[in-house]
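So the structure is just underneath, and the comments pick up after that.
Just so you know, residue 1 is the first one in the sequence shown, and it goes up from there. Just so you know, these numbers use all the heavy atoms, side chains as well, and skip hydrogens, waters and symmetry mates.
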Amino acid sequence: MTASPKGPASYFPSIEKKYGRPIAEWTDLIRTSPLTKHMELVNWLKTEHGLGHGHANALVAHTLAEGKGK
């Protein structure tokens, strides 16, 4: 039996279902954004892409934890 995802990744199935894009696409958008601060990125996802706060926060937290590559 596989363990269910914990932390930000627990939001991923609902993010993909609700917004119709794979997580890899969202993380690529975050990584290529000129913004670097957590809340700047969250607010950008909310205003420009229509994500809810929890979903945007989960994506940004996960992506920044993996390393933004900048």
Side-chain angles (χ1 to χ4, degrees):
M1 182 176 190
T2 29
S4 59
K6 305 277 189 240
S10 66
Y11 286 88
F12 290 177
S14 61
I15 291 170
E16 289 179 333
K17 183 178 179 182
K18 183 168 184 172
Y19 304 105
R21 289 179 161 181
I23 296 305
E25 193 172 319
W26 290 113
T27 57
D28 286 345
L29 281 172
I30 293 166
R31 285 187 187 108
T32 59
S33 169
L35 304 172
T36 58
K37 294 183 179 174
H38 182 95
M39 286 310 296
E40 289 176 337
L41 288 160
V42 169
N43 289 329
W44 172 70
L45 287 172
K46 290 167 60 177
T47 57
E48 296 297 318
H49 299 283
L51 271 72
H53 182 82
H55 288 161
N57 191 55
L59 285 168
V60 172
H62 178 78
T63 304
L64 293 181
E66 286 185 335
K68 197 163 183 220
K70 288 193 175 189

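- Taking Ser10 as the reference, nothing meets the side-chain hydrogen bond (donor to acceptor under 3.5 Å, both in side chains) condition, with sequence neighbours excluded.
- Here CD of Glu25 is found 11.5 Å from CD1 of Ile30. Values are rounded to the nearest 0.5 Å.
- To the nearest 0.5 Å, atoms OH (Tyr19) and NE2 (His49) are separated by 12.0 Å.
- The closest side-chain heavy-atom distance from Leu41 to Leu64 is below 4.5 Å.
- To the nearest 0.5 Å, atom CD of residue Glu48 and atom CG of residue Leu35 are 9.5 Å apart.
- Remark: His62 pairs with Glu66 by the side-chain hydrogen bond (donor to acceptor under 3.5 Å, both in side chains) rule, at least two apart or across chains.
- Lys46 approaches Ala56 most closely through the heavy-atom pair CG-CB, 4.0 Å.
- Rounding to the nearest 0.5 Å places CE of Met39 at 6.5 Å from CG of Asn57.
- With sequence neighbours excluded, the residues forming a side-chain contact (heavy atoms from CB on, under 4.5 Å) with Ala58 are Pro8, Tyr11, listed by chain and number.
- Results of the side chain to side chain contact (heavy atoms under 4.5 Å, CB included) test with Trp26 over Thr63, Val60, Leu59 single out Leu59 as the only residue that passes.
- Here the shortest heavy-atom pairing between Ser14 and His55 reads OG-NE2, 3.4 Å.
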